[in-house]
2 protein chains.
Amino acid sequence: MPRTSDKRDRLVEAAKNLIHRQGFHRTTLADIADESEVPLGNVYYYFKTKEDICEAVLEERRLKLQETFDGCCKSNQPKQNLIELVNKIIKSSEKIAEHGCIIGSLCQELDKTKSPLRDTADKCIQEHIDWASKQFRKMGYKKTSELGFEFIARLEGIMLVGHALHEPKRIKSQLRATCKWIESL
Amino acid sequence: MPRTSDKRDRLVEAAKNLIHRQGFHRTTLADIADESEVPLGNVYYYFKTKEDICEAVLEERRLKLQETFDGCCKSNQPKQNLIELVNKIIKSSEKIAEHGCIIGSLCQELDKTKSPLRDTADKCIQEHIDWASKQFRKMGYKKTSELGFEFIARLEGIMLVGHALHEPKRIKSQLRATCKWIESL
DNA sequence: GTCTATATGTTGATAGAC
DNA sequence: GTCTATCAACATATAGAC
């Protein structure tokens with residue numbers, strides 16, 4: 001059961017996309033095997049259970065998220081960092097309108113589970129808030145965790161409702177309004 | 001296949017609760033039959049498919065939502081109406097922290113589906129926005145649909161993140177902040 | 001109208017040949 | 001290490017006795 005390998009990578013990549021499009025429960029191992037072009041029986045050589053695949057997906061999501069945060073921290077201007085993050089989301093508006101927030105939609109699905117996956121997913125949200133709170137702290141604010149929560153909740157809400165209404169344009173305009181809110185702080 | 005009956009009511013009531021707690025896909029007909037104390041084979045006398053049960057659940061949710069809106073429209077003070085709605089949500093903070101938003105979490109699950117149920121669920125969100133937009137219009141605002149979207153997105157975001165973090169207190173404080181925002185308009 | 005028994009299909013997971 | 005064949009469990013749905 002190797003940690004890295006071409007097939008393993010392909011399996012995780014396929015699972016990542018399928019879970020985003022269909023959700024975790026609606027995605028079958030057959031789907032993942034099919035999309036990654038790995039024979040179904042072979043999947044179990046790389047992952048003992050379906051949940052293990054989801055955990056690998058979440059792990060990648062967390063890493064990618066961390067990279068995104070780092071990419072939005074180059075300047076020492078916290079306000080600019082927050083705006084840069086929102087701008088990155090704006091660029092994905094179409095995909096979000098179609099499939100929802102990569103993290104948020106998975107969280108909501110896993111939250112209805114007793115699986116330990118739930119905690120891993122929720123950790124992504126918490127790290128997201130922590131990063132935002134840190135920016136607010138740099139801006140000299142108190143009650144930074146409240147502000148961090150407000151910021152992330154605002155983003156998640158826009159993505160959820162924008163997804164439900166299938167309106168990428170509305171997602172964009174609302175995210176731009178969020179930028180203005182940040183600027184006004 | 002009667003429209004009303006004691007057993008049918010019990011089935012819908014059970015499905016309503018189970019779907020909120022477990023999600024639609026994780027809830028089996030056996031679960032619903034068990035909780036409503038209706039024999040499994042008998043379920044099909046009342047509903048032809050599992051999706052039909054979900055549709056009945058959504059129908060009830062919409063009716064209940066409409067009642068809530070009407071209950072928040074007694075006064076002719078739109079600002080007060082919006083605040084009253086938020087206060088009603090505040091009262092459910094514990095349940096929301098545990099299982100998420102009744103409408104939002106179901107929407108996000110069904111949105112990943114090609115089922116016609118998706119549209120029914122999304123209609124709930126749209127009606128929610130429409131009601132809010134109407135209040136903003138009464139307040140003399142232009143761009144009311146943008147404001148209505150912002151209001152609902154804010155509520156949904158708070159519920160989603162509050163659910164992920166299992167923090168009823170944070171849900172309450174954020175909803176109170178939302179009230180202050182409304183008051184400041 | 002009500003319910004038991006069961007068909008039918010799908011899914012996660014395994015055994016074992018190569 | 002890889003893959004085919006298949007199992008066991010579970011889910012939706014139906015047939016048919018009462």
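Computation of the quantities below employed the complete heavy-atom set of this structure, encompassing side-chain atoms and omitting hydrogens, waters and symmetry-equivalent molecules.
Nearest nucleotide to the A:Thr28 side chain, out of D:dT12, C:dA13, C:dT11: C:dT11. The side chain of A:Leu29 lies closest to C:dA13 when the candidates are C:dA13, C:dC3, D:dT12. Side-chain proximity of B:Lys7 to the nucleotides D:dT2, C:dT2, D:dA13 is greatest for C:dT2. Side-chain proximity of A:Leu40 to C:dT4, C:dA13, C:dG12: nearest is C:dA13.
Between B:Phe151 and B:Trp181, the ring planes are parallel. Angles under 30° get that label, and only those over 60° would be called perpendicular. Between B:Trp131 and B:Phe69, the ring planes lie parallel to each other; the angle is under 30°, not in the 30° to 60° tilted range.
Residue A:Tyr44 places none of its side-chain N or O atoms closer than 4.0 Å to OP1 or OP2 of C:dT14. At least one side-chain nitrogen or oxygen of B:Tyr46 sits closer than 4.0 Å to the OP1 or OP2 atom of C:dT2. Applying the 4.0 Å criterion to OP1 and OP2 of D:dT2, one finds that A:Tyr45 has every side-chain N and O outside that range. Considering only side-chain N and O atoms, B:Asn42 lies under 4.0 angstrom from the phosphate OP1 or OP2 of C:dC3.
In this structure, OG on B:Ser115 lies 11.0 Å from NZ on B:Lys50, to the nearest 0.5 angstrom.
Taking the centre of each ring, B:His20 and B:His99 come in below the 6.0 Å mark.
Whole-Å rounding puts the B:His25 NE2 to D:dC10 C1' distance at 16 Å. One atom, NZ of B:Lys50, and another, C1' of C:dG9, lie 15 Å apart when rounded to the nearest Å.
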